[in-house]
2 protein chains.
Amino acid sequence: MNTVPVFKTYLMNNGLRPTSERMAILSEVSKKNSHFEADELYLELRKKNKSISRASVYRTLPILVDCGFLRELAFDKKRKHYEFNYGLDHHEHLVCKRCGKIIEFQSESLELELEKAIKKHGFTQETHCVEVIGYCKKCIEKDK
Amino acid sequence: MNTVPVFKTYLMNNGLRPTSERMAILSEVSKKNSHFEADELYLELRKKNKSISRASVYRTLPILVDCGFLRELAFDKKRKHYEFNYGLDHHEHLVCKRCGKIIEFQSESLELELEKAIKKHGFTQETHCVEVIGYCKKCIEKDK
DNA sequence: TTTGTTTGTGAGATTGAGTCTCAATATCAA
DNA sequence: TTGATATTGAGACTCAATCTCACAAACAAA
Ligand SMILES: [Zn+2]
Ligand SMILES: [Zn+2]
Ligand SMILES: [Zn+2]
Ligand SMILES: [Zn+2]
């Protein structure tokens with residue numbers, strides 16, 4: 001994908017510089033195909049001998065969220081979770097309280113209904129998150 | 001409302017005791033008509049000479065969430081926010097990134113579509129939260 | 001009641017994700 | 001080059017939330 005030029009343009013337009021640290025973080029993050037947290041990413045970069053300070057990692061992630069590469073997730077109110085979300089289909093999450101499994105799902109009609117409700121209140125959406133807390137099929141069966 | 005007997009039954013069924021601290025917290029919380037956070041509640045109880053320790057407040061809130069009196073909200077990933085949610089209409093939130101205003105809204109058809117999607121995946125819902133991040137009408141107009 | 005067992009409380013210590021500081025370094029435009 | 005500005009990294013710091021543990025309540029059985 002064309003993430004690099006898009007990121008560089010974003011940085012330029014906001015008076016930010018395309019440092020090697022920022023570019024390395026973008027690169028690492030765009031390889032992710034699942035949810036992750038900041039410290040996990042920091043340690044991964046460290047292992048790959050791309051030692052970027054914890055501060056820089058924590059400083060860069062909000063930038064990547066702001067320019068639309070990452071989505072900040074809401075499950076687990078202790079730590080922030082992210083997912084790469086550029087050029088991919090938008091999805092929502094079902095979180096199992098028992099086994100912790102996270103199921104991703106898509107619903108066009110859900111998105112449409114949400115869009116309607118948002119417009120009705122004169123609100124301008126940037127992102128949204130729909131998260132369902134409950135129990136997955138397997139866990140329900142186990143508890144019988 | 002019949003919160004007190006419902007809470008007592010819940011506690012009983014879970015091997016927990018209906019202590020004066022727990023009942024006082026339930027009482028305080030059920031008077032709330034807006035979003036609040038744990039420490040705020042602790043300080044309020046303190047002012048009213050119902051000195052309950054910070055630990056007990058933090059210990060009781062998850063119980064109240066678990067038995068359905070409170071809902072845990074997802075905006076502001078730094079601190080946990082709650083709202084009293086018993087016998088009231090279910091609603092979702094629009095959060096303005098600029099002024100911080102939180103608009104509550106309801107949509108029957110949104111709920112129905114969500115319910116459909118959940119069932120489709122064999123998931124059993126306990127709660128959910130829909131949160132839209134963006135800009136409110138006023139802030140959009142100001143920025144022109 | 002009394003006794004023993006279990007559960008809950010409070011004060012303060014501890015944790016840990018995330019932020020801040022600031023001197024040193026990198027970037028960039030002129 | 002040079003000067004203005006932005007960024008980095010190491011480690012100090014913050015602060016919401018949790019944990020510890022001695023003591024106090026609640027409860028069940030006798
Ligand atoms: Zn499960
Ligand atoms: Zn996802
Ligand atoms: Zn606003
Ligand atoms: Zn609300």
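We name chains A, B, ... by the order of the sequence lines, and we start the count at 1 in each one. Since this is a predicted model, take the numbers as computed values, not measurements.
- The nearest whole Å value for the distance from the CD atom in B:E40 to the P atom in D:dA16 is 12 Å.
- For the pair A:L11 CG and D:dT8 P, the interatomic distance rounds to 10 Å; values are reported in whole Å.
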*Between B:F36 and B:H81, is a ring-ring contact (aromatic ring centres under 6.0 Å, His included) present by the stated rule, with each step listed?*
CA-CA 6 Å; B:F36 65 93; B:H81 288 243; 8.9 Å; no

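- Here A:Y58 reaches the OP1 or OP2 of C:dG18: one of its side-chain N or O atoms lies under 4.0 Å away.
- Heavy-atom nearest nucleotides on DNA chain C were determined for B:K78 and for B:I52, and the one closer to the 5' end corresponds to B:I52.
- Residue B:R54 has no polar side-chain atom (N or O) positioned under 4.0 Å from OP1 or OP2 of C:dG10.
- A donor atom on one side chain and an acceptor atom on the other are not found under 3.5 Å apart for A:Q106 and A:E111.
- The local environment of NZ in A:K31 is crowded, with over 12 non-hydrogen atoms from other residues, nucleotides or ligands closer than 6.0 Å.
- The distance from atom NE2 of A:H35 to atom OH of A:Y82, rounded to the nearest 0.5 Å, is 14.0 Å.
- Note: NZ (B:K50) to P (C:dT9) measures 15 Å, nearest angstrom.
- Rounded to an integer number of Å, the gap from A:L26 CG to D:dT7 P is 16 Å.
- Separating the CG atom of B:L43 from the P atom of D:dA16 is a distance of 10 Å, rounded to the nearest angstrom.
- To the nearest angstrom, P of D:dT14 lies 17 Å from CG of B:D39.
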*Could you go through the ring-ring contact (aromatic ring centres under 6.0 Å, His included) check for A:F105 and A:H93 one step at a time?*
CA-CA 6 Å; A:F105 73 96; A:H93 299 96; 8.1 Å; no

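- Annotation: the span from A:L64 atom CG to A:L70 atom CG amounts to 5.0 Å, rounded to 0.5 Å.
- For A:R59 and D:dG9, a side-chain-to-base donor-acceptor distance below 3.5 Å is present, hydrogens and geometry of angles not being considered.
- Rounded to a whole Å, the NZ atom of A:K80 is 14 Å from the C1' atom of D:dA16.
- Salt bridge absent: A:E83 and A:K32 never bring a charged side-chain N and a carboxylate O closer than 4.0 Å.
- Axis angle between the ends of the helix from C:dT1-D:dA30 to C:dA30-D:dT1, five pairs each and rounded to 10 degrees, works out to 40°.
- Proximity of B:R79 to the phosphate of D:dC15: no side-chain N or O atom is located under 4.0 Å from OP1 or OP2.
- Between A:S53 and B:E37, the residue anchored nearer the 5' end of DNA chain D, judged by the nucleotide with its closest heavy atom, is A:S53.
- Straight-line distance from the OH atom of A:Y42 to the P atom of D:dG9: 9 Å, rounded to whole Å.
- Other residues, nucleotides and ligands contribute more than 12 heavy atoms inside 6.0 Å of the CZ atom of B:R98.
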*When you check every protein heavy atom under 4.0 Å of nucleotides 22-27 of chain D, what one-letter string (B, S, -) results, 5' to 3'?*
---BBS

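- Taking CG of A:N85 as the reference point, atom CG of A:L73 lies at 8.5 Å (rounded to 0.5 Å).
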